[in-house]
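Input: a single structure, listed below in structure tokens.
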Amino acid sequence: MKNQEIAQILYEIGYFLEMEEVKFKPFAYQKAAIILDDMAKDIEAIYKQGGQKSLEKIPGVGKNIAKKIAEYIETGKIGYYEKLKAKMPVKIEELTAVEGIGPKTIKSLYEHLDIKDLQDLKKAAEKHKIRGLPGFQKKTEENILQGIAFLEKSRGRFLLGDILPQVKEILKKLKALKEVKQINVAGSTRRMKETIGDVDILIVSKKPQPVMDFFVSMQGVEKIWAKGNTRSSIRMKQGFDCDLRVVREKSYGSALQYFTGCKEHNIATRKIAIGKGLKLNEYGIFQGQKMIAGKTEKEVYRILGMDWIEPELRENQGEIKASLEGKLPKLIIYRNIKGDLHCHSNWSDGNNTIEEMAGTAIRMGYQYLGITEHTKFLKIDNGLDEKRLAQQRKEINNLNKKFQVSSFLPTGQAGKFQILHGAETNILNNGSIDINDKALKELDYAIAGIHSNFKMPKQQMTERIIKAIKNPYIHIIAHPTGRILQKRDRYECDFEKILRTAKEFGKILEINAQPRRLDLNDQYIRRAKEMGVKMVINSDAHNISHLKFMELGIAQARRGWAEKKDILNTQSLSSILKLFHR
DNA sequence: GCCGTTTTCGGCCCGACTGTTTTCAGTCG
């Protein structure tokens, strides 16, 4: 899809215009870029079907941007952008990824030091060339180096949320080939890690040659590293590498086990094999020269005296012992989820109407959808004040009347669907909430989250969150640690103390499923479960296609050993409402 | 550059924080 390519260019045009101090246009380009980025429909298809006029129907896209999109689809280039870029040939995407660096800084650094990309920036900062420039002192230079160091830690890794749809697509295409007998993805993708280095796919095939031919010539392949009869390696346009390996049918299970990892998990399983006088490798389990298992993962584990272990647990974090003792958790599964309790509509910073969001939720088989707009502290996100919350309540009541008549579940059962009215309120510096109690009381439930002042000292931050947990009108703490993958570390706070307070007051911690958040992480989920603190998996959707992030949140919950009973939104509408009212 | 239940022209993108200032500019959410 060209959507993301074009969105990226629109973002960059916005940045260039911001450098030129152009008023309002940057905002318009950015808005259009965000909408394009999130759009489920293929922009090229829209254009081919209805021409430039149909592009203008997209919200945020007017005559001028439509013209530029059309130009890109027709010629692969946008002249206006090329001109801007020629004037200042800097890698904007790369540089803005550094926390604290924006368009103005980029412009100044380019003009004074000819800094064009991350490498230039790092060199200049290390040689202390930045301090002393107008507006830059020691502290700024240090912050830049810190920002670069954080980026480098995650370099070469990709978000699961970006990779997974691509991998699913590739698997689907390969599976359709008649030469492919068995197929699965291995590695960190199968373990559903938050970030992925590269993708390993295993197949069983008697005639691998045509499969390999197809694999290296798929749409979206940028480079072919290697092409052979048993292994091929490609780089996709998105930048990640993907390997395809052919294994023997009798070794498929042990190969899958071996390539799924993680490394430490494999070392531990091989040790168990050795303890039994056996040898385990990617070809099978061997007793002396004789191969005794290898066709399926289940039999590999069984011969080791173990229960089969869900890939998400294979991190050598106690799953080996649990498996040997038959004490593995019964992990939550996708079908357990009955609703989503954190999403936004166009009342605040979302792209779809409440009705559209609810419609999608119904099609997903949900019983309920919680609409939780930002509240007034976040003015930039069009946060709602008490008055607009009351207005929204009326609309939700009306929609609920409508859905009660016409609601259905995909299973064919008659089922009730209900929109719940919540809010994603802000925990202010002193721990108070930016919406008054009277308005909070009118809601079905309320979420609270930290959206400002992330650099508070640890104790102060802990007190701030604890005060919100104790607030009788707050039910859920959103994205409790505040980290942004590949961008920002979690904020400092005493998480154990927060868990204890949540437990004491019966409050719920969110597992936010946004690909960049996945917050709580696996370790904290596990700790919460041990402490008996309930969690909720929420998509934090800002449009209808974001609702599917739920899958990532479930994977995260599974990686944290969570079971159905640990997760609030596996419960029915009525029991959730009961809990909220209590 | 986009948009319209106040509008086809004139609004839109606010407030806190940081680091640099001595009254402000840039970034972020």
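Numbers restart at 1 for each chain; the letters A, B, ... are given by sequence-line order, proteins then strands. Only heavy atoms go into these numbers, but all of them, side chains included; no hydrogens, no water, no symmetry mates.
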Open item on the list: Measuring to OP1 and OP2 of dC17(B), would you say a side-chain N or O of N429(A) lies under 4.0 angstrom away?
Closed with: yes

- [ ] When you get a sec, tell me which of dT27(B), dG1(B), dC13(B) is the closest nucleotide to the side chain of A28(A)?
- [x] dG1(B)

Task: NZ/NE/NH1/NH2 to OD/OE distance under 4.0 Å, E141(A) and K129(A) - done: no

Open item on the list: Can you identify which nucleotide, out of dG1(B), dG29(B), dT27(B), has its nearest atom closest to the T105(A) side chain?
Closed with: dT27(B)

Task: Nearest-angstrom distance from the residue atom CD of Q137(A) to P of dT20(B) - done: 6 Å

Task: Separation of the C1' atoms in dT18(B) and dG11(B), to the nearest angstrom - done: 30 Å

Task: Spacing between D540(A) atom CG and dG29(B) atom P, to the nearest angstrom - done: 14 Å

Open item on the list: Judged by each residue's nearest nucleotide on DNA chain B, which is more toward the 5′ side, K31(A) or G102(A)?
Closed with: K31(A)

Open item on the list: Using OP1 and OP2 only, check whether a side-chain N or O of S452(A) sits under 4.0 Å from dC28(B).
Closed with: no

Task: F24(A), nearest nucleotide to its side chain (from dC12(B), dG29(B), dT20(B)) - done: dC12(B)

Task: Watson-Crick or G-U wobble partner of dT8(B), both distances under 3.5 Å - done: none

TODO: With ring pair (Phe, Tyr, Trp, His ring centres under 6.0 Å) as the test, would you mind laying out the steps for H344(A) and H546(A) before giving the verdict?
DONE: CA-CA 10 Å; H344(A) 301 263; H546(A) 286 173; 9.9 Å; no

Task: Shortest side-chain distance from E21(A), nucleotide among dG1(B), dG29(B), dG26(B) - done: dG26(B)

TODO: Identify whether the distance between the nearest side-chain nitrogen and carboxylate oxygen of E44(A) and K48(A) falls below 4.0 Å.
DONE: yes

Open item on the list: Counting only heavy atoms not in K122(A) (residues, nucleotides, ligands), do more than 12 fall under 6.0 Å from its NZ?
Closed with: no

Open item on the list: For the P atoms, the ones on dC14(B) and on dT7(B), what distance do you get once it is rounded to whole angstrom?
Closed with: 22 Å

Task: Separation between the P atoms of dC13(B) and dC2(B), rounded to whole Å - done: 16 Å

Open item on the list: I want to check one thing: is the phosphate of dG1(B), taken as OP1 and OP2, less than 4.0 Å away from some side-chain N or O of Q30(A)?
Closed with: no

- [ ] Determine the interatomic distance between P on dT22(B) and the same-named atom on dG29(B); round to the nearest Å.
- [x] 28 Å

Task: Closest nucleotide among dT18(B), dG1(B), dT20(B) to the N143(A) side chain - done: dT18(B)

Task: Earlier contact from the 5' end, DNA chain B, for K63(A) and V22(A) - done: K63(A)

- [ ] Write down the distance between CE (M456(A)) and C1' (dC28(B)), rounded to a whole number of angstrom.
- [x] 16 Å

Open item on the list: Give me the distance, rounded to whole Å, that separates dC17(B) from dC12(B) when you measure between the C1' atoms they each carry.
Closed with: 24 Å

Open item on the list: Working note: M357(A) + T353(A), criterion side chain to side chain contact (heavy atoms under 4.5 Å, CB included); need CA distance, chi angles, decisive distance, verdict.
Closed with: CA-CA 6 Å; M357(A) 297 295 287; T353(A) 62; over 6 Å; no

Open item on the list: On the nucleotide dA16(B), are OP1 or OP2 found under 4.0 Å from the side-chain N or O atoms that N453(A) carries?
Closed with: no

- [ ] Would you indicate, yes or no, if dT18(B) has its OP1 or OP2 atom less than 4.0 angstrom from a side-chain nitrogen or oxygen of T140(A)?
- [x] no

Task: Side chain of H451(A) (C-beta onward), nearest among dT27(B), dC13(B), dG29(B) - done: dG29(B)

